[in-house]
Amino acid sequence: MKKRFLQNVRFAPAPSPFVQNDFFHLKTKAFLIHKLSESTNLFLTSLLHTLTLKIGFASDTFTVNHLINRYVKLREINTARKLFDEMPEPNVVSWTSVISGYNDMGQSQTALCMFQEMHEDGYVSPNEYTFASVFKACSALAELRIGKNIHARLEISRCRGNTVVSSSLVDMYGKCNDVEIARRVFDSMIGYGRNVVSWTSMITAYAQNARGHEAIEIFRSFNASSTSDRPNQFMLASVISACSCLGRLQWGRVAHSVVTRSGYESNNVVATSLLDMYAKCGSLSCAEKIFLRNRSDSVILYTSMIMALAKHGLGKAALELFEEIVAKRIKPNYVTLLGVLHACSHSGLVNKGLEYLNTMNEKHGVTPDPRHYTCVVDMLGRFGRVDEAYDLAKTIEVGAGQGALLWGALLSAGRLHGRVDIVGEASKRLIQSNQQVTSAYVALSNAYAVTGGWEDSESLRLEMKRSGNVKERACSWIEIKDSVYVFHAGDLSCDESGEIERFLKDLEKRMKERGHRGSSSMITSSSVFVDVDEEAKEEMVNLHCERLALAYGLIRLPVRSTIRIINNLRMCRDCHEAFKLISEIFERKIVVRDVNRYRFKSESFDAKGLNEIACKK
DNA sequence: TTAGGGTTAG
């Protein structure tokens, strides 16, 4: 502190003639602070700022801290920073206020730089408030390495064992995808107390890392604990999000009843999570009801509905909703445009999709990024324009994670359309960047085999075996009347497989009768080639024929209940409804890596657990 | 006696 004081002392303002004595000084200071705390506009705050300088409080840390906080609240971070830089003796509150201000402005990187500066300055030590703010910045940036370093610093400080700091740590590890450490921190909190925020952080950590069962287990433990806290909108939104990632409609419905009983049904964030849950669990009609009941100017609510329609193959409706956003002057963001492109991709509106990509910056102020381009590559690839997809993919600069999505999309397109050259190129790119290595090896090996390169194919298989890249058997699951059935890829031991095959052949025949020129081998090869005029494409959108091929891969697999799915399909009045049902089945299809773990969880915990909470008084 | 943590679309 001394160094900073000496540096600034010659610039410190001379004592003001207004400061006559201690009593006057204290009264004036109290008046200023009181007025500052009441000030909600920039004009008044600037006036009080001028007054603070005039009457000689520019060196008073406490008063200047109030000023800084007022500017932070008004989102005037540059003014706040300027004030901070001119302070002769900033204390920990001054530092934390500016760090927190940068967080609020979304400038998390600057917040972290400031924390480092504070450390190097060495005159002020961080306290609980500072650590909580800094972990929040790490969360926003998903900076695991820096977060761990600061966590180590926390452990040797006197600030460990604080509920707020630990909650922010749980959140940070969750956002950085290290759920195990998040859980360890959460468990350690039992010694000094958890509150509704700590529990919510843990639920969110599980939900955001696709571990819905554990998220719901934590929610159940929270309700069974002795805490007097009740679930609030933050916690409920996360619980619903956990139900979404599980794709289990029954659980989602029970969670919805908890929301209704808690009185949070009209909360905008909760409503958005409900909408998303219903859409992901296959009930588009319920999603629409939630949307209509809560229609507001929220871009996230609109975007969720656009995504829901897009995923259900209703591209035209999704685009109409987007036009409504534009007409209402709600500013779309990059996710909204992703939804629009997704809608075009899943509905065969290829040229429309390209038009949106090329005009989104000019018309909507959203610059296309690799995620948008990947969506368009996927769209072109799905509809046979593989060369265009490849040409576009080559022009996009991506990091490793995004590259996996981009080249993964091209790999699928190459496989779907039998383009060995594209499969080879995409596989090589994926292997080089160490992404999706197993799938890429398999695809590349198959590509070599198709072109007669048996030696290359064999050596690749050996290489896979040596490096431990063994492909896991894919599986899917489906929920029927509160039970979950797991399906294994390639298992044809089903008694009803003949009947299923006959049924699907019949569906294909009826589809052709309605004028669709799909591939004659659509069912057997799981490929759909589209070469139809615009009108037919529109109809194809409604029939979800691309999904039929994929759904076939799901329902041909053996479980006793498969026959019940077929019976449900038969109850449909025509093949349009049947396709919709197949599509819904497909929407709930989730590939899991660890089947045994999932089975164990699904047996040990069912919707009754949530029901108990729903009925709790 | 100023400063701190958790939610929804992707």
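Keep in mind that the numbers below use all heavy atoms, side chains included, and drop hydrogens, waters and symmetry copies. Just so it is clear: chains get the letters A, B, ... in the order the sequence lines come, proteins before strands, and each one is counted from 1.
Nearest to the side-chain atoms of A/Phe62 among the listed nucleotides B/dA9, B/dT1, B/dG6 stands B/dT1. Considering only side-chain atoms of A/Tyr129, the nucleotide from B/dG6, B/dG4, B/dT2 that sits closest is B/dG4.
Heavy atoms of A/Thr272 sit under 4.0 angstrom from at least one base atom. A/Val165 comes within contact range of at least one nucleobase, with a heavy-atom separation under 4.0 Å. A/Val98 comes within 4.0 angstrom of nothing in the nucleic acid, heavy atoms only. If you check every strand for non-hydrogen atoms under 4.0 Å, A/Asn103 touches nothing. Within 4.0 Å (heavy atoms only), A/Ser94 reaches no atom of the nucleic acid at all.
The residues A/Arg183 and A/Glu217 are annotated as not salt-bridged, no charged nitrogen and carboxylate oxygen being separated by less than 4.0 angstrom. Ionic pairing of A/Glu320 and A/Lys316 is not present here: no N-O contact between side-chain nitrogen and carboxylate oxygen is shorter than 4.0 angstrom. Ionic pairing of A/Lys289 and A/Glu265 is not present here: no N-O contact between side-chain nitrogen and carboxylate oxygen is shorter than 4.0 angstrom.
Between the side chain of A/Asn232 and the base of B/dG6, at least one donor-acceptor pair of N or O atoms lies under 3.5 Å. Side-chain N/O atoms of A/Ser167 and base N/O atoms of B/dG5 include a donor-acceptor pair closer than 3.5 Å. Taking 3.5 Å as the limit, the base of B/dG4 and the side chain of A/Asn162 contain a donor-acceptor pair of atoms between them. Judged by distance alone, with hydrogens and angles left aside, A/Asn127 brings no side-chain donor or acceptor close enough to the base of B/dG4 to form a pair under 3.5 Å.
When A/Arg248, A/Lys311, A/Met307 are each tested for a side chain to side chain contact (heavy atoms under 4.5 Å, CB included) with A/Lys280, only one passes: A/Lys311.
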